[in-house]
Amino acid sequence: MSKGRVSSKHSKKSTPKKVTKTISKATPKKTPAKKGSAVKKEIKIYTNQKDYFKLDEKYTGCGFATRAIHAGSTPDPVHGGVNPAIELSTTYVQPYPGVPSSCYDYARCGNPTIMSLQRNLAAMEGAKYAFALNCGMGATISICSLLKQGDHLLCIDDVYGGTQRYLRKVFTPQTEISWDMIDFTDLTKVKAAIKKNTKIIWIESPTNPTLKCTDIAAVAKIAKAAGALLVIDNTFQSPVLQNPLKLGADVVMHSITKYIGGHSDVVAGALMFNDSALYDKLYFNIKTLGTCIAPFDAYIALKGSKTLEVRVTRASENALAIAKYLEKHSKIVKVLYPGLPSHPQYKVSLKNRTHNKLSGGGGMISFYIKGDVKKANKFLSSLKVFTLAESLGGVESLIENPALMTHGSVPADHRKKLGIDDNLCRVSVGIETLDDLIGDLKQALEKIE
């Protein structure tokens with residue numbers, strides 16, 4: 001939709017504008033109902049989408065599970081439904097030309113079901129605002145749309161394969177915006193790599209797939225001193241284990257497809273942040289690019305987010321036990337898990353973590369099989385409980401070979417530099433019975449001669 005009035009309506013400063021609607025609703029009475037019997041309800045709506053986020057301020061200070069379950073899930077004011085309904089209408093009636101009934105006029109620019117998810121996402125990450133996108137890459141593309149020619153992007157070297165593929169093959173050739181990749185574990189190198197035109201700093205912690213950890217608070221100070229926006233992909237840790245905004249980050253990005261969705265049944269992304277002006281910029285770009293999420297996908301994602309804490313907690317507990325088991329196994333060369341004291345950035349992971357009762361390692365593990373790619377593949381193909389597949393964060397345990405699968409598009413020389421060798425395996429630990437998972441690893445490792 002190319003209606004200028006929509007962008008101006010949402011780009012101005014947010015002032016609470018409430019509209020009260022009276023709805024007649026047929027209801028049974030204690031005595032036999034009469035024809036035309038009705039009750040009147042006053043329903044409060046807003047003409048600015050940003051104002052809906054304020055409805056969840058009452059959950060500020062509540063525990064994570066409470067926020068995940070209740071934020072964004074306001075009971076239906078008409079019929080009393082406990083869960084938000086799926087609103088599939090693509091367009092909305094206007095009582096007068098150019099005067100929407102509420103803050104919605106066309107579904108690409110906003111939708112009640114999508115807003116429910118966005119309120120939920122913001123509350124979980126401790127943010128004022130959030131956008132739900134059509135996938136994790138949709139979130140990445142939306143952030144990169146803030147850059148213009150002459151700007152510079154500084155990115156962590158061990159980044160998600162899809163992100164680096166976009167930067168290498170699409171973003172740079174089409175925009176001619178410069179970017180560099182560096183190791184963020186060395187803060188001296190980070191300071192030296194920042195240029196006068198650096199506008200966005202993009203990091204992951206832990207990284208995908210070698211699980212390097214970055215001191216988020218320290219990088220946030222560097223970014224602010226340089227006037228750059230610090231964006232962190234928090235997919236691996238989820239809002240349960242790590243809250244980058246509290247550590248100084250400006251924007252937190254998630255692939256909802258992973259832990260937040262949690263059941264390998266929805267593809268979606270998210271951006272969470274606190275700046276009102278940034279909301280207006282992203283709102284305009286997202287509706288223009290068409291990177292918004294579909295209402296049905298938002299509904300599925302919201303169902304998943306409610307159980308996020310219990311799933312992540314169980315997966316993290318399983319992962320720590322499995323990492324300890326693998327570290328002692330004779331057929332494993334090395335285990336990469338931030339929750340183990342042997343991890344190079346173990347102390348950094350503890351500094352970044354939000355959940356003090358957990359190790360800070362999360363549910364992801366990477367490890368090197370002793371031997372070549374043939375032995376690694378023999379191990380992977382011998383597993384019975386673990387599923388050989390890409391992606392992560394679901395209730396089921398997934399395992400893959402990054403060099404041949406998720407990071408196959410990364411240039412071979414860069415993979416070698418990062419340590420993404422052919423014998424590296426990446427595991428997304430699920431919430432199955434721990435003994436079954438360890439037993440499956442044991443029998444598969446025994447198949448390696």
Side-chain angles (χ1 to χ4, degrees), residues 140 152-161 163-164 167-168 179-195 198 200-226 228-238 241-253 319-320 323 327 333-354 358-368 392 402-403 406-407 410-411 413-421 424 426-427:
T140 299
H152 173 253
L153 169 69
L154 184 60
C155 182
I156 196 165
D157 57 355
D158 183 22
V159 72
Y160 166 57
T163 301
Q164 67 80 30
L167 293 175
R168 291 178 188 276
W179 66 288
D180 292 299
M181 300 182 78
I182 65 165
D183 180 3
F184 271 71
T185 60
D186 188 337
L187 297 178
T188 302
K189 291 183 179 179
V190 174
K191 293 178 181 178
I194 292 178
K195 301 178 180 180
T198 301
I200 292 180
I201 296 176
W202 186 285
I203 64 174
E204 296 177 7
S205 187
T207 59
N208 181 5
T210 62
L211 302 175
K212 292 191 296 185
C213 294
T214 297
D215 188 330
I216 299 171
V219 173
K221 291 180 180 179
I222 295 172
K224 282 180 172 52
L229 202 69
L230 176 59
V231 182
I232 176 168
D233 183 340
N234 199 34
T235 299
F236 268 33
Q237 292 296 75
S238 85
L241 301 178
Q242 189 168 268
N243 296 139
L245 294 179
K246 293 181 179 179
L247 297 172
D250 296 295
V251 181
V252 173
M253 173 263 179
L320 178 60
E327 194 170 42
V333 178
K334 185 179 182 181
V335 175
L336 304 174
Y337 184 67
L340 291 176
S342 59
H343 191 278
Q345 293 89 42
Y346 173 68
K347 292 183 178 180
V348 173
S349 73
L350 295 180
K351 182 180 179 181
N352 288 342
R353 69 177 178 176
T354 295
L358 295 175
S359 68
M364 301 298 299
I365 308 171
S366 291
F367 57 91
Y368 296 91
L392 58 105
T406 55
H407 290 68
V410 177
D413 58 339
H414 191 64
R415 288 202 308 267
K416 184 177 181 181
K417 177 182 177 182
L418 295 174
I420 307 177
D421 300 333
L424 177 67
R426 190 195 74 178
V427 182

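We count residues from 1, following the sequence as given. Every heavy atom of this structure was used, including side-chain atoms; hydrogens, water molecules and symmetry mates were not. Only a predicted model underlies this, so the values are computations on that prediction, with no experimental measurement involved.
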**Prompt:** Hey, are the side chains of Val410 and Pro402 touching, using non-hydrogen atoms and a 4.5 Å cut-off?
**Reply:** no
**Complete:** So CG of Leu392 and OG1 of Thr235: to nearest 0.5 Å the spacing works out to 7.5 Å
**Request:** Please round to the nearest 0.5 Å and tell me the distance separating atom CH2 of Trp202 and atom OG1 of Thr140.
**Result:** 3.5 Å
**Request:** Measure across Tyr337 and Met364 and return the closest heavy-atom pair with its distance rounded to 0.1 Å.
**Result:** CD1-O, 3.1 Å
**Asked** Is the side chain of Asn352 donor-acceptor paired with the backbone N or O of Cys213 at a distance under 3.5 Å, no angle test?
**Response** no
**Asked** Backbone N or O of Tyr346 within a donor-acceptor pair of the Ser349 side chain at under 3.5 Å?
**Response** yes
**Request:** Drop me the distance from Arg426's CZ to Thr406's OG1, to the nearest 0.5 angstrom.
**Result:** 4.5 Å
**Request:** Start with the C-alpha distance between Asp180 and Lys195, add both sets of side-chain angles, then the distance that settles side-chain contact (heavy atoms from CB on, under 4.5 Å), and finish with yes or no.
**Result:** CA-CA 10 Å; Asp180 292 299; Lys195 301 178 180 180; 3.4 Å; yes
**Prompt:** What residues, two or more places apart in sequence or in another chain, satisfy side chain to side chain contact (heavy atoms under 4.5 Å, CB included) together with Arg353?
**Reply:** Leu350, Asn356
**Asked** Got a donor-acceptor contact below 3.5 angstrom from the Asn243 side chain to the Leu245 backbone?
**Response** no
**Request:** Give the intermediate values and the outcome of side-chain contact (heavy atoms from CB on, under 4.5 Å) for residues Ile222 and Leu187.
**Result:** CA-CA 9 Å; Ile222 295 172; Leu187 297 178; 4.3 Å; yes
**Prompt:** Where the side chain of Gln242 meets the backbone of Ser205, is there a donor-acceptor pair that is under 3.5 Å apart?
**Reply:** yes
**Prompt:** Does a side-chain heavy-atom distance below 4.5 Å link Thr214 with Ile156?
**Reply:** yes
**All side chain to side chain contact (heavy atoms under 4.5 Å, CB included) counterparts of Asp215, not counting sequence neighbours** = Ala217, Ala218, Val348, Lys351
**Prompt:** Within a reach of under 6.0 Å around NZ of Lys224, are more than 12 heavy atoms found that belong to other residues, nucleotides or ligands?
**Reply:** yes
**Asked** How many angstroms lie between atom CG of Leu153 and atom CD1 of Ile201, to the nearest 0.5 angstrom?
**Response** 9.0 Å
**Request:** Look up atom CG in Leu336 and atom CD in Gln345, then write down how far apart they are to the nearest 0.5 Å.
**Result:** 9.5 Å
**Request:** Please assess Phe367 against Leu424 for the test side-chain contact (heavy atoms from CB on, under 4.5 Å), listing each intermediate value before the final yes or no.
**Result:** CA-CA 6 Å; Phe367 57 91; Leu424 177 67; 5.8 Å; no
**Asked** Is there side-chain contact between Ile232 and Ile216, with at least one heavy-atom pair below 4.5 Å?
**Response** yes
**Asked** Are Lys212 and Asp157 within salt-bridge range, i.e. N to O under 4.0 Å?
**Response** yes
**Prompt:** For Leu247 and Ala220, which heavy atoms make the closest approach, and how far apart are they?
**Reply:** O-CB, 3.6 Å
**Request:** List the atom of Ala403, the atom of Asp421, and the distance in Å for their closest heavy-atom pair.
**Result:** CB-O, 3.8 Å
**Request:** Measure the shortest side-chain to side-chain distance between Val251 and Leu230 over non-hydrogen atoms and say whether it is less than 4.5 angstrom.
**Result:** no
**Item:** Partners passing side chain to side chain contact (heavy atoms under 4.5 Å, CB included) against Pro411 (at least two apart in sequence or in another chain)
**Value:** Gln164, Arg168, Asp413, His414
**Message:** Testing the basics here: between Tyr368 and Gly419, what is the closest heavy-atom pair and its distance to 0.1 Å?
**Reply:** OH-O, 2.5 Å
**Asked** Roughly how far, to the nearest 0.5 Å, is the CG atom of Leu154 from the OG1 atom of Thr198?
**Response** 6.0 Å
**Item:** Contact summary for Gly339 and Leu320, nearest pair of heavy atoms
**Value:** O-CD1, 3.8 Å
**Worked check of side-chain contact (heavy atoms from CB on, under 4.5 Å) between Ile203 and Val231** = CA-CA 6 Å; Ile203 64 174; Val231 182; over 6 Å; no
**Asked** Has the side chain of Asn234 got a donor or acceptor atom that lies under 3.5 Å from a matching backbone atom of Met253?
**Response** no
**Prompt:** When you measure from the side chain of His407 to the backbone N and O of Asn208, does any donor-acceptor pair fall under 3.5 Å?
**Reply:** yes
**Item:** Closest non-hydrogen atom pair between Gln237 and Pro206, with its separation
**Value:** CG-CD, 3.4 Å
**Message:** In the structure I gave you, are the side-chain heavy atoms of Leu167 and Val159 within less than 4.5 Å of one another anywhere?
**Reply:** no
**Request:** Taking atom types as modelled, find out whether Glu327 and Ser342 have a side-chain donor-acceptor pair closer than 3.5 angstrom.
**Result:** yes
